[in-house]
Each structure stands twice: as C-alpha cells, then as structure tokens.
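Here the structure is a predicted model, which is why all the values come from computation and not from measurement. No hydrogens, no waters, no symmetry mates; every other heavy atom, side chains included, goes into these values.
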Amino acid sequence: MLQVRESHDQSSDYLSGATHGCLEAREVTRDMEELLRGIPLRHRTLKAKEHVFRAGQPRHSLFLVHAGFFKTCLTSADGREKITGFRMRGDMLGLDSLGIETYACDAIALDTSEVWELPYSDLCGSLPEFEQRITSFLAAEIRRDWNWMLTLGTLSADQRVVSFLLDMATRLGSLGFSRQHMILRMTRADLGSFLALKLETVTRALSRLQDKGFIAVQGKEITLRDPASMNELLQTADCG
C-alpha cells in the first residue's frame with residue numbers, strides 16, 4: 001500500500017490506545033498465519049473496485065487480507081453507500097456475517113490486493129484452535145468499532161480527520177511502513193462516508209490542517225508533519 005518502508009521510525013507513539021490495538025491485532029494476525037501455515041488455501045488476487053463478496057451472497061468463507069487495501073460498505077434502499085471500515089493486511093473480512101447465512105456487507109478492493117480464503121466450517125472442523133483465533137479477531141474488531149463510535153459522536157470535523165490520519169499512521173507503522181508518509185487509497189468521498197462528514201467538509205478540514213502545518217497534502221499522498229500537535233488537537237474541546 002505504501003511505497004516506502006522505514007528502518008527506523010522517529011515519530012512518537014502519539015496514540016497509545018491505538019498503538020496497543022494495532023500491536024494486539026498484529027499478534028493475532030501472526031498467530032493466525034502461523035496456524036494456517038502449510039494448509040492449502042485459495043489465494044485470491046483482486047484489482048481495484050473488484051468485490052471479495054457482496055451483501056446478501058451466501059456466506060461460505062472468511063477472508064484474511066494478505067496484501068492491499070479494502071473498504072467494507074452497506075448500501076441503503078435508495079442507493080446511498082455507507083463505508084463501515086477500511087481493511088489492510090492482517091484484517092479479516094466477513095466477521096460481521098458470522099451467525100447468519102449471507103454476507104452482511106460489501107467488501108471491495110481499493111487497489112491490487114490479495115486475500116486468503118478461509119472456509120469457516122472446514123477449518124473449524126480440522127483446526128480446533130481456528131475458532132479461538134476468530135473469536136480474538138472479532139473481539140478486537142468490536143473494541144475498534146467502539147473507539148470509532150466514540151470518535152464520531154464526540155469530535156469535530158477537523159478532529160475526526162486527525163483521528164483517522166493518526167490511526168492510519170499507527171496501523172501502517174505496525175506493519176513496518178512509514179508512520180509519516182502514506183498514500184490514501186480511498187477517495188475523499190469514501191473518507192467522508194466513514195467519518196460521517198460531507199465531501200466538502202473533509203476537503204476543507206484537510207486544507208485547514210495543511211494551513212496549520214500539521215500535514216502536507218499532494219493528491220492522495222499525505223505527510224504528517226507535526227503528529228504531536230495533531231494529537232494535542234484531539235484533546236481540545238473545540239477546534240472549529
């Protein structure tokens with residue numbers, strides 16, 4: 001997803017809670033990949049805009065993201081799309097369909113990506129530890145969703161965008177990528193949908209953050225110039 005890896009990251013762990021969550025997720029992912037080592041699995045490569053699955057399709061498998069970037073979304077009866085999350089390496093697709101017979105949302109690749117298909121029933125039957133790993137994934141995702149519910153319910157537009165960028169930087173850093181330079185594969189409209197903001201509001205928020213010297217924006221490329229001040233902004237009661 002990123003073009004540069006850093007051997008040493010000089011940025012501070014400015015989001016201790018998010019950092020802990022990313023480290024937790026990385027450990028769960030490492031355990032899962034180790035558990036599946038040597039088991040023949042279907043590896044699927046997808047191009048940008050291709051679906052892993054669609055809401056309403058029969059659920060037969062879960063999918064572990066091995067490379068690339070995905071969005072999950074719901075579509076309302078009138079055709080409006082609501083982004084529910086962005087997934088990268090180590091994330092699981094399809095967890096929200098457990099307990100029902102069909103997939104609960106759409107999962108769409110945002111760039112060239114790869115997933116490992118995990119036939120749920122087969123693996124639960126052959127690997128006693130598989131279900132425990134899935135439970136850990138699901139619990140981590142629930143905690144992550146709680147954090148975003150709090151973010152969307154209590155923060156201003158600028159703070160929501162800052163929170164997203166810092167969270168993304170932490171997630172990328174946990175995978176060995178730069179925490180300061182990132183390429184956002186989602187559109188501004190996708191970001192607005194996820195953060196419950198209008199497209200114009202996202203664009204203005206990014207411009208204000210750039211004017212303050214917090215970030216540099218060049219198309220989809222974002223550079224975090226002052227993550228410490230960005231974190232301080234999250235602590236203010238009103239940032240406009």
Side-chain angles (χ1 to χ4, degrees), residues 1 44-115 117 137-138 140-169 171-172 182-207 209 217 219-222:
M1 183 174 62
R44 288 180 55 187
T45 299
L46 300 102
K47 298 178 181 179
K49 299 184 180 180
E50 281 193 285
H51 283 73
V52 183
F53 50 77
R54 297 176 185 268
Q57 287 182 334
R59 178 185 61 79
H60 51 83
S61 300
L62 302 177
F63 297 87
L64 181 65
V65 179
H66 185 64
F69 209 68
F70 296 83
K71 68 178 179 180
T72 54
C73 54
L74 299 169
T75 303
S76 64
D78 60 2
R80 289 177 296 144
E81 183 181 76
K82 170 60 180 176
I83 307 297
T84 59
F86 299 105
R87 313 299 181 190
M88 62 181 70
R89 177 174 177 137
D91 290 332
M92 191 77 74
L93 301 173
L95 284 175
D96 50 0
S97 67
L98 292 177
I100 58 178
E101 296 182 352
T102 60
Y103 291 110
C105 66
D106 295 349
I108 306 169
L110 295 179
D111 60 358
T112 300
S113 307
E114 181 183 320
V115 295
E117 186 170 351
F137 265 106
L138 187 56
E141 187 162 304
I142 289 172
R143 287 189 289 271
R144 185 175 186 82
D145 287 345
W146 285 349
N147 288 333
W148 278 114
M149 286 173 62
L150 181 63
T151 295
L152 298 183
T154 61
L155 300 185
S156 69
D158 285 11
Q159 288 172 318
R160 293 183 200 185
V161 173
V162 163
S163 184
F164 176 83
L165 293 175
L166 293 179
D167 177 70
M168 185 64 65
R171 294 172 69 187
L172 291 169
M182 65 185 76
I183 298 175
L184 299 183
R185 299 303 183 186
M186 74 289 294
T187 65
R188 299 289 194 267
D190 285 344
L191 183 54
S193 175
F194 178 64
L195 296 176
L197 298 171
K198 294 181 179 180
L199 169 61
E200 296 80 5
T201 305
V202 171
T203 301
R204 288 195 295 268
L206 289 170
S207 295
L209 294 172
V217 182
K220 289 182 174 289
E221 186 173 354
I222 306 288

Of all heavy-atom pairs between [X] and [Y], which one has the smallest distance, and what is that distance?
| X | Y | answer |
| --- | --- | --- |
| V161 | L206 | CG1-CD2, 3.7 Å |
| E141 | M92 | OE1-O, 4.0 Å |
| M182 | A169 | CE-CB, 3.7 Å |
| S113 | G68 | OG-CA, 3.4 Å |
| L74 | C105 | CD2-CB, 3.6 Å |
| A109 | L46 | CB-CB, 4.1 Å |

For a 4.5 angstrom cut-off between non-hydrogen side-chain atoms, does [X] reach [Y]?
| X | Y | value |
| --- | --- | --- |
| V52 | E117 | no |
| T102 | R59 | no |
| F86 | D190 | yes |
| F63 | R44 | yes |
| L184 | L165 | yes |
| L98 | L62 | yes |
| R160 | T201 | no |
| S61 | Y103 | yes |

Quick check: does any side chain N or O of [X] sit under 3.5 Å from a backbone N or O of [Y], one acting as donor and the other as acceptor?
| X | Y | value |
| --- | --- | --- |
| D106 | C73 | no |
| R185 | D111 | no |
| R87 | F70 | no |
| T84 | T72 | yes |
| S193 | A189 | no |

Would you say the side chains of S156 and D158 form a donor-acceptor pair under 3.5 Å?
no
Kindly check if the number of other-residue, nucleotide or ligand heavy atoms within 6.0 Å of NZ (K82) is above 12?
yes
I'd like to check the salt bridge (Lys or Arg N to Asp or Glu O under 4.0 Å) partners of E114; sequence neighbours left out, ordered by chain and number.
none
Straight-line distance of L166 CG to Q159 CD, nearest 0.5 Å:
11.5 Å
Kindly compute the distance separating CG (L110) from CE (M186), expressed to the nearest 0.5 Å.
6.5 Å
Test: K71 and E81 ion pair at under 4.0 Å:
yes
